[in-house]
Amino acid sequence: MTVTRFAPSPTGYLHIGGLRTALFSWLTAKHNNGKFLLRIEDTDMARNSEEAKDAILKAFEWVGMSYDGEVVYQSKRFDLYKKYIDQLLEEGKAYKCYMSKEELDALREEQMAKKERTRYDGRYRDFAGIPPEDVEPVVRIKAPQEGTISFVDGVKGEMNISASEVDDFVIARADGAPTYNFVVAIDDALMGLTDVIRGDDHLYNTPKQIVVYNALGFKIPKFYHVAMINNEQGKKLSKRDGATDVMEYKELGYLPEALLNFLVRLGWSYGDQEIFSIEEMIALFDPENINKSSSNYNLDKLLWLNAHYIKNKSNTELTELLKPFDVDIAKHDKMEMLLDATKERGKTLVELADQIKLILAAPVEYDEKAVKKAFKGEAKEILTDFIALLQTWEKPLHLPTDYHEVMEKIVADKEIGFGKIGMPLRVSLLGSMTGAGMDEVMAILGVDETIERIERAVATIA
RNA sequence: GGCCCCUUCGUCUAGCGGUUAGGAUCCAUGGUUUUCAUCCAUGUUACAGGAGUUCGAGUCUCCUAGGGGUCACCA
């Protein structure tokens with residue numbers, strides 16, 4: 001059975017790039033009817049935070065990616081790691097290193113001066129003498145001293161790393177706490193991982209982890225190293241480039257399905273297809289098709305996808321989604337009409353909410369440019385006549401088409417173009433030059449409110 | 001600096017030895033619309049550079065350039 005995982009360290013919010021690797025892992029598991037596990041990498045007590053962990057879990061909840069079983073916390077598994085450290089020590093596959101920090105620093109400086117790669121020189125690997133008393137030892141694992149460590153990466157292809165690139169790295173700190181590369185290998189093995197999909201930045205951890213797998217006799221999973229997401233300029237994504245925290249997207253009015261659709265197409269594709277429902281992603285995703293090269297974040301595409309998903313949401317769903325954006329129209333008797341008139345005009349829920357607010361609340365001020373363009377010439381006269389026409393209209397005024405008839409009448413009577421009445425009317429009702437169709441707006445407002453708004457506008461025209 | 005990875009329209013990408021190098025987004029233009037948006041149509045724009053292999057190279061090899069990753073008792 002396919003088992004994948006996402007293993008964040010709780011040092012901050014869930015990053016957009018992290019969400020993509022999580023998505024790839026999740027899709028791989030779902031596609032194969034396997035399991036997707038979540039593990040919190042909190043071995044570094046000094047840098048962890050409970051809030052960060054909660055924030056990550058919350059982000060997962062928002063996008064709807066569910067994990068199987070219980071969340072695994074590495075901080076609760078120290079006894080287990082200790083057992084393996086002792087085992088390796090006993091088997092002679094690991095050893096205590098009494099090198100002090102000062103000595104290590106000196107070694108590094110020397111290597112850097114000689115422009116060599118900085119690496120531990122293995123001085124305690126076969127140490128049999130009397131250890132210095134004032135140094136708490138770390139435990140180092142014996143890495144192969146010659147040859148190459150090879151593995152097939154599902155994204156990068158065949159990888160061959162020279163043994164000289166991997167030194168006898170620390171698996172237990174002086175205080176006994178295990179280190180990252182050690183516990184990752186153990187947990188991935190014990191949790192039954194078959195496929196490890198993670199960021200490109202872990203590529204060089206892989207040979208180290210393979211050393212651990214081999215020392216402990218664990219089965220090595222398949223690795224996939226996914227390239228980074230850069231900003232539009234191809235540089236590392238930073239907060240200056242817009243939202244990097246997944247939850248910010250929620251606040252900015254993005255739909256999780258749009259964000260996921262956007263992310264899945266960064267580094268992966270299925271022919272020419274752009275729109276993927278969650279079900280389609282699951283059905284079609286294959287990590288073997290992940291691109292080798294890094295991709296750039298592109299807001300235009302996200303916006304386009306978001307608009308697409310908003311347009312295709314039902315009005316009922318939309319009323320719920322709009323609530324956090326100060327628009328509660330669940331009980332509005334013209335709810336359907338309101339959304340039909342606006343849902344194609346907002347690329348985000350924020351924009352959609354703004355459109356609706358424009359209709360719900362009478363304008364307190366009129367857009368300056370709009371006034372200049374619309375409230376001029378015979379506008380005042382036309383609007384006044386329009387009010388009169390509405391007041392004396394004998395047919396029912398309920399539907400947009402009803403109001404359209406009134407518009408047609410005034411256009412015919414006064415022999416003017418639609419624009420002559422449309423523009424001043426729009427500014428009168430919404431205070432702006434753009435927005436929903438007039439017929440719809442009037443039908444939503446009703447005759448009384450419509451007339452009131454026009455009267456108020458007329459009063460401002462000199 | 002050592003080691004490793006990457007490079008097709010501005011951006012996301014298709015392509016897997018023979019294509020007028022395709023799609024999407026963006027932008028522009030036109031149509032629809034009382035405005036805006038939607039929608040539809042049309043258009044501009046790409047194989048980083050250089051050698052080779054081959055009858056033929058975006059696709060294979062090498063070199064150069066550019067970009068990125070990594071070298072912790074951090075994850």
Side-chain angles (χ1 to χ4, degrees), chain A residues 7-11 41-44 46-48 74 97 99 101 104 108 111-112 114-120 136-140 153 155-157 159-162 164-167 169-181 183-184 199-205 225 227-228 230 232-236 262 265-275 291-305 307 311 341-347 351 355 370 373-374 404 407-408 411 416-423 425-427 430 432-439:
Chain A
S9 72
T11 51
E41 315 242 304
D42 51 357
T43 50
D44 185 353
R47 303 197 339 173
N48 297 331
Q74 292 189 319
C97 168
M99 200 170 180
K101 283 207 171 148
L104 236 189
R108 286 213 185 97
Q111 288 168 331
M112 278 191 328
K114 282 194 268 183
K115 301 214 165 179
E116 285 174 6
R117 174 188 162 79
T118 57
R119 68 197 302 279
Y120 174 66
E136 273 302 317
V138 297
V139 178
R140 289 182 182 273
D153 188 283
V155 176
K156 308 281 183 193
M159 296 291 302
N160 297 296
I161 285 111
S162 168
S164 63
E165 293 294 315
V166 182
D167 61 6
F169 59 96
V170 173
I171 59 172
R173 301 178 175 91
D175 65 2
T179 59
Y180 174 75
N181 282 118
V183 298
V184 166
D200 210 333
D201 48 335
H202 287 285
L203 193 60
Y204 258 73
N205 288 145
H225 289 97
M228 308 272 104
N230 299 129
E232 210 125 355
Q233 288 72 241
K235 298 289 179 191
K236 194 168 179 167
F262 170 69
R265 285 286 286 99
L266 249 35
W268 179 81
S269 61
Y270 185 78
D272 285 338
Q273 189 168 340
E274 296 287 346
I275 307 288
N291 285 160
K292 290 179 178 181
S293 52
S294 58
S295 37
N296 294 0
Y297 175 93
N298 177 229
L299 190 66
D300 284 331
K301 197 103 178 204
L302 209 209
L303 244 15
W304 172 73
L305 282 164
K311 271 179 279 181
T342 53
K343 72 205 271 187
E344 284 178 355
R345 295 162 199 280
K347 288 191 193 300
E351 286 180 16
Q355 290 282 340
K373 266 196 152 176
H404 193 71
M407 297 274 280
E408 277 178 337
V411 165
I416 53 173
F418 264 103
K420 285 279 185 204
I421 172 68
M423 292 244 264
L425 184 57
R426 160 174 307 281
V427 179
L430 302 179
S432 137
M433 288 274 280
T434 61
M438 284 298 93
D439 303 339

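Chain letters run A, B, ... following the sequence lines, proteins first, then strands; residues in each count from 1. On a predicted model such as this, the values are computed, not experimentally measured, just so you know.
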- Query: Between the side chain of A:Ser269 and the main-chain N/O of A:Gly271, is any donor-acceptor distance below 3.5 Å?
  - Reply: no
- Message: Rounding to an integer number of Å, can you tell me how far A:Leu303 CG sits from B:C12 P?
- Response: 17 Å
- Looking only at B:A75, B:C12, B:U34, the nucleotide nearest the A:Glu41 side chain is B:A75
- Message: If you count every heavy atom of other residues, nucleotides or ligands that lies below 6.0 Å from A:Gln273 atom CD, does the total exceed 12?
- Response: yes
- Item | Nearest to side-chain heavy atoms of A:Val170, which nucleotide of B:U35, B:C73, B:A75 | B:C73
- Message: Once you apply a heavy-atom cut-off of 4.0 Å, does A:Met423 come out as touching a base, just sugar-phosphate, or nothing?
- Response: nothing
- Message: What's the gap between B:U45 and B:C3 when it is taken at their P atoms, as a whole Å value?
- Response: 42 Å
- Take the protein atom CG of A:Asn296 and the nucleotide atom P of B:C9, then report the distance between them rounded to whole Å. 11 Å
- Task: Both distances under 3.5 Å, Watson-Crick or G-U wobble: report the partner of B:A28, or none.
- Result: B:U42
- Using a cut-off of 4.0 Å on non-hydrogen atoms, how would the nucleic acid contact of A:Ala227 be classed: base, sugar-phosphate, or nothing? nothing
- Task: Looking at every strand, decide which applies to A:Lys420 at a 4.0 Å heavy-atom threshold: base, sugar-phosphate, or nothing.
- Result: nothing
- Message: With heavy-atom distances below 4.5 Å as the criterion, would you say the side chains of A:His202 and A:Tyr180 are in contact?
- Response: yes
Report each atom pair, protein N/O against N/O of nucleotides 59-70 of chain B, whose distance is under 3.5 angstrom.
unit_1 : atom_1 : unit_2   : atom_2 : d
B:G68  : OP1    : A:Lys235 : NZ     : 3.4

- Task: Between A:Asp175 and A:Phe418, just flag the one whose closest nucleotide in RNA chain B comes earlier from the 5' side.
- Result: A:Phe418
- Message: I'd like to check A:Lys343 versus A:Gln355 (side-chain heavy atoms, cut-off strictly below 4.5 Å). Are they in contact?
- Response: no
- Query: Can you check the A:Glu344 CD to B:U32 P distance for me, whole Å?
  - Reply: 18 Å
- By salt bridge (charged side-chain N to carboxylate O under 4.0 Å, His left out) - contacts of A:Lys156 (at least two apart): A:Asp200
- So, the side chain of A:Asp167 versus the backbone of A:Arg119: is there a donor-acceptor pair under 3.5 Å, distance only? no
- Message: Can you check the distance between B:G17 and B:A21, where both ends of the measurement are the C1' atom (answer in whole Å)?
- Response: 14 Å
- Message: Which nucleotide, if any, forms a Watson-Crick or G-U wobble pair with B:A48, using both distances under 3.5 Å?
- Response: B:U64
- Query: Which word best sums up how the rings of A:Phe262 and A:Tyr297 line up, parallel for under 30°, tilted for 30 to 60°, or perpendicular for over 60°?
  - Reply: perpendicular
- Could you run down nucleotides 21-28 of chain B 5' to 3' and tag each one B, S or - for protein heavy-atom contact under 4.0 Å? -BBBSS--
- Message: Return the pairing partner of B:C9 with a 3.5 Å limit on both distances, Watson-Crick or G-U wobble; otherwise return none.
- Response: none
- Item | Between B:U8 and B:U19 - C1' atom distance, rounded Å | 14 Å
- Query: With sugar-phosphate meaning primed atoms plus P, OP1 and OP2, does A:Met112 contact a base, only sugar-phosphate, or nothing at under 4.0 Å between heavy atoms?
  - Reply: nothing
- Task: Taking atom P in both B:G23 and B:A46, compute the distance separating them and give it to the nearest angstrom.
- Result: 14 Å
- Atom OH of A:Tyr270 and atom C1' of B:C12 are separated, to the nearest Å, by 19 Å
- Reckon A:Val138 touches a base, only the sugar-phosphate, or nothing at all at heavy-atom distances under 4.0 Å? base
- Phosphate OP1/OP2 of B:A72 contacted by A:Thr179 side-chain N/O (<4.0 Å): no
- Message: Counting only side-chain heavy atoms from C-beta out, which of B:U34, B:A75, B:A72 sits nearest to A:Ser9?
- Response: B:A75
- Message: Just to verify, what does A:Ser295 make a side chain to side chain donor-acceptor pair (under 3.5 Å) with, not counting sequence neighbours?
- Response: none
- Using a cut-off of 4.0 Å on non-hydrogen atoms, how would the nucleic acid contact of A:Gly419 be classed: base, sugar-phosphate, or nothing? sugar-phosphate
- Would you mind classifying the nucleic acid contact of A:Gly199 as base, sugar-phosphate or nothing, using non-hydrogen atoms under 4.0 angstrom? nothing
- Message: Any side-chain N or O of A:Thr43 below 4.0 angstrom from OP1/OP2 of B:A75?
- Response: yes
- Message: The side chain of A:Lys101 is closest to which nucleotide in this list: B:C73, B:U13, B:A75?
- Response: B:C73
- Between B:C39 and B:A48, how far apart are the P atoms? Round to whole Å, please. 33 Å
- Query: B:A51 and B:G43: how far apart are their P atoms, nearest whole angstrom?
  - Reply: 34 Å
- A:Asn291 CG to B:U8 P, in whole Å, measures 10 Å
- How far, in whole Å, is B:G18 from B:C9 if one measures between their C1' atoms? 23 Å
- Item | Whole angstrom value for the distance that separates C1' of B:U35 from CD1 of A:Ile421 | 13 Å
- Message: On the nucleotide B:C12, are OP1 or OP2 found under 4.0 Å from the side-chain N or O atoms that A:Ser269 carries?
- Response: no
- Message: Does the structure show a Watson-Crick or G-U wobble partner for B:G2, both distances under 3.5 Å? Name it, or say none.
- Response: B:U70
- Task: Mind checking A:Arg119 for me? I need base, sugar-phosphate or nothing, with any heavy atom below 4.0 Å counting as a touch.
- Result: nothing
- Excluding sequence neighbours, so at least two apart, what forms salt bridge (charged side-chain N to carboxylate O under 4.0 Å, His left out) with A:Lys347? none
- Task: Round to the nearest Å and state the distance from A:Met438 atom CE to B:U33 atom P.
- Result: 17 Å
- Query: In Å, rounded to the nearest 0.5 Å, how long is the span from NZ of A:Lys292 to CG of A:Asp153?
  - Reply: 9.5 Å
- Query: Can the ring centroids of A:His404 and A:Phe418 be said to lie less than 6.0 angstrom from one another?
  - Reply: yes
- If you measure from the P atom in B:C4 to the same atom in B:C63, how many Å do you get, rounded? 11 Å
- Task: Starting at atom CE of A:Met99, determine the distance to atom C1' of B:A72, rounded to an integer number of angstrom.
- Result: 13 Å
- cation_pi(A:Arg140, A:Tyr120) dist<6.0 Å, angle<=45: yes
- Task: Identify, with sequence neighbours excluded, every residue that meets side chain to side chain contact (heavy atoms under 4.5 Å, CB included) alongside A:Ser162.
- Result: A:Ser164, A:Glu165
- Message: Is the phosphate of B:C6 approached by A:Lys292 (side-chain N or O, under 4.0 Å from OP1 or OP2)?
- Response: yes
- Task: Using Watson-Crick or G-U wobble geometry with both distances below 3.5 Å, tell me the partner of B:G58, or none.
- Result: none
